[in-house]
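Encoded as structure tokens, the structure appears first; notes follow it.
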There are 2 protein chains.
Amino acid sequence: MKGLYLVTDRDLCLGRPLEEVVVQAVRGGASIVQLREKQISTRDFIDEARRIQAALAPYGVPLVINDRVDVALAVGADGVHIGQSDMPYSMARRLLGPEAIIGLSVETMDQVLEAEAYQVSYLGVSPVFETRTKTDLNGAWGLEGLAQVRRRSRHPLVAIGGIQAANAAAVVQAGADSLAVVSAICSAPDPYQAAQALSQPFHNASAPARRATQ
Amino acid sequence: MKGLYLVTDRDLCLGRPLEEVVVQAVRGGASIVQLREKQISTRDFIDEARRIQAALAPYGVPLVINDRVDVALAVGADGVHIGQSDMPYSMARRLLGPEAIIGLSVETMDQVLEAEAYQVSYLGVSPVFETRTKTDLNGAWGLEGLAQVRRRSRHPLVAIGGIQAANAAAVVQAGADSLAVVSAICSAPDPYQAAQALSQPFHNASAPARRATQ
């Protein structure tokens, strides 16, 4: 779990098809995609997940589903991202199996410490900065909070919330293994360029750029 | 699949705890319970499903979960009820296994005929009469429509939508194996008595009344 992490929000894509934004983001450097839908039917969520899965297939980029283990199982996604009001980690692991990617959002240090007992694939440190994309907030971690999580957790850390090209390097510096963004790509005039810019901190750490058919 | 079928709606329970209404309904004769939640988090849905499951355990009455295969898997419910905008039947069957109860709502004759190929546990003929509980309607079947479904389907039929004590016998007469109700029990002044009255058509067909610890 390293590099740029795209979390989707269809409503923020400026009218562009979600598949198009996702593919541009991946071509620009995103190394994992989380499909997040809160307001559509299960059937529509499954259909969309299949479309995104097909779009990602040529790039070998994993797809995780926000919250919905049923949708992940139905389409054979690579895993799920769960929050503290979603299915408990242990149940999700039991249903998805030992190989699945399971990411867990943590909003407090208690949750970080509780997760030490879990075989999560990463912790989503949420939110690093204030943002309007997420509404269920306990206040932002800030760079110092992120650094504290880094010191106290054994898991890879995906930072999310208010991350932009301008602060990306500082967030990585503070301990993030991965940077998750929503609007910084979904609402970018050019999602490909936005992803390239946001991937810069990882290129600097000598991670190779992702090519179209890697 | 025979007898009275309770579909829950917490908001219609007049402020009473859902468990209390469910237990009263079962003591009055309900032989299956469908837990339906559309607006709560996955975590809350799972917690509620476990409470209802515990409340039902002494009565041996099965619990099915509306729409959410993940919640059903997480708590080990007896099955799911799916609508036409939920997970497709075949996926749900694959995830839940051959023994699970899977009910499917049908709103058109095309859907009835399509379901002939499925190993569904029952069809939910929805709605039989106009109702304000469900909003995704293609118009009501009516008693004549229900009778047509009866002639063309091999599956047990659960009639739902606008069923009350006053029309229950006519709906069974038209071909329903089971009567599903929401507000007629959830909003009843006495859910136990309401369930008794709604079970009357099945008692008349010599089905034994359900006792508290059957």
Side-chain angles (χ1 to χ4, degrees), chain A residues 34-51 53 64-77 79-97 100 102-108 111 114-115 118 126 134-138, chain B residues 34-51 53 64-77 79-97 100 102-108 111 114-115 118 126 134-138:
Chain A
Q34 176 191 140
L35 185 60
R36 185 165 67 178
E37 290 289 350
K38 289 294 182 189
Q39 303 296 333
I40 62 177
S41 72
T42 300
R43 179 79 56 107
D44 287 344
F45 200 168
I46 288 171
D47 289 345
E48 183 182 69
R50 286 179 145 166
R51 288 195 303 273
Q53 201 174 34
V64 301
I65 305 293
N66 181 279
D67 178 11
R68 296 292 298 269
V69 170
D70 51 349
V71 173
L73 288 169
V75 305
V80 295
H81 179 87
I82 51 179
Q84 298 288 329
S85 62
D86 298 334
M87 186 181 291
Y89 165 78
S90 305
M91 280 184 184
R93 177 59 72 196
R94 177 169 59 80
L95 295 178
L96 291 165
I102 301 184
L104 175 67
S105 286
V106 287
E107 290 158 24
T108 68
Q111 293 166 0
E114 186 185 8
Y118 303 154
S126 168
K134 290 268 289 179
T135 52
D136 50 340
L137 310 181
N138 278 318
Chain B
Q34 177 191 140
L35 186 61
R36 185 165 70 178
E37 289 290 349
K38 289 295 183 189
Q39 304 296 334
I40 61 178
S41 72
T42 299
R43 179 79 55 107
D44 287 343
F45 200 168
I46 288 171
D47 289 345
E48 183 181 68
R50 285 179 146 165
R51 287 196 304 272
Q53 200 173 35
V64 300
I65 305 293
N66 183 279
D67 179 10
R68 296 292 297 271
V69 170
D70 51 348
V71 174
L73 288 169
V75 305
V80 295
H81 180 88
I82 50 179
Q84 297 288 328
S85 63
D86 299 333
M87 185 181 293
Y89 165 78
S90 306
M91 280 183 184
R93 177 59 72 195
R94 177 169 59 79
L95 295 177
L96 292 165
I102 301 184
L104 175 67
S105 286
V106 288
E107 290 158 24
T108 67
Q111 293 166 359
E114 187 185 8
Y118 302 155
S126 168
K134 291 267 290 180
T135 52
D136 51 339
L137 310 181
N138 278 315

Checklist outcome for this item: Bottom line for A/Met91: the part with an atom under 4.5 Å from chain B's heavy atoms is side chain
Item to check | Atom of A/Pro88, atom of B/Ile46 and distance for their closest heavy-atom approach | outcome: CD-CD1, 4.1 Å
Checklist entry - Side chain, backbone, both or neither: which part of B/Leu73 has a non-hydrogen atom closer than 4.5 Å to chain A? => result both
May I have a list of the donor-acceptor pairs under 3.5 Å that connect chain B with chain A?
unit_1	atom_1	unit_2	atom_2	d
B/Ser41	OG	A/Ser85	O	3.2
B/Thr42	OG1	A/Asp67	OD1	2.7
B/Thr42	OG1	A/Asp67	OD2	3.2
B/Arg43	N	A/Ser85	O	2.9
B/Arg43	NE	A/Asp86	O	2.6
B/Arg43	NH2	A/Gln84	O	3.1
B/Arg43	NH2	A/Asp86	O	3.4
B/Asp67	OD1	A/Thr42	OG1	2.7
B/Asp67	OD2	A/Thr42	OG1	3.2
B/Ala74	O	A/Arg94	NH2	3.1
B/Gln84	O	A/Arg43	NH2	3.0
B/Ser85	O	A/Ser41	OG	3.3
B/Ser85	O	A/Arg43	N	2.9
B/Asp86	O	A/Arg43	NE	2.6
B/Asp86	O	A/Arg43	NH2	3.4
B/Arg94	NH2	A/Ala74	O	3.1

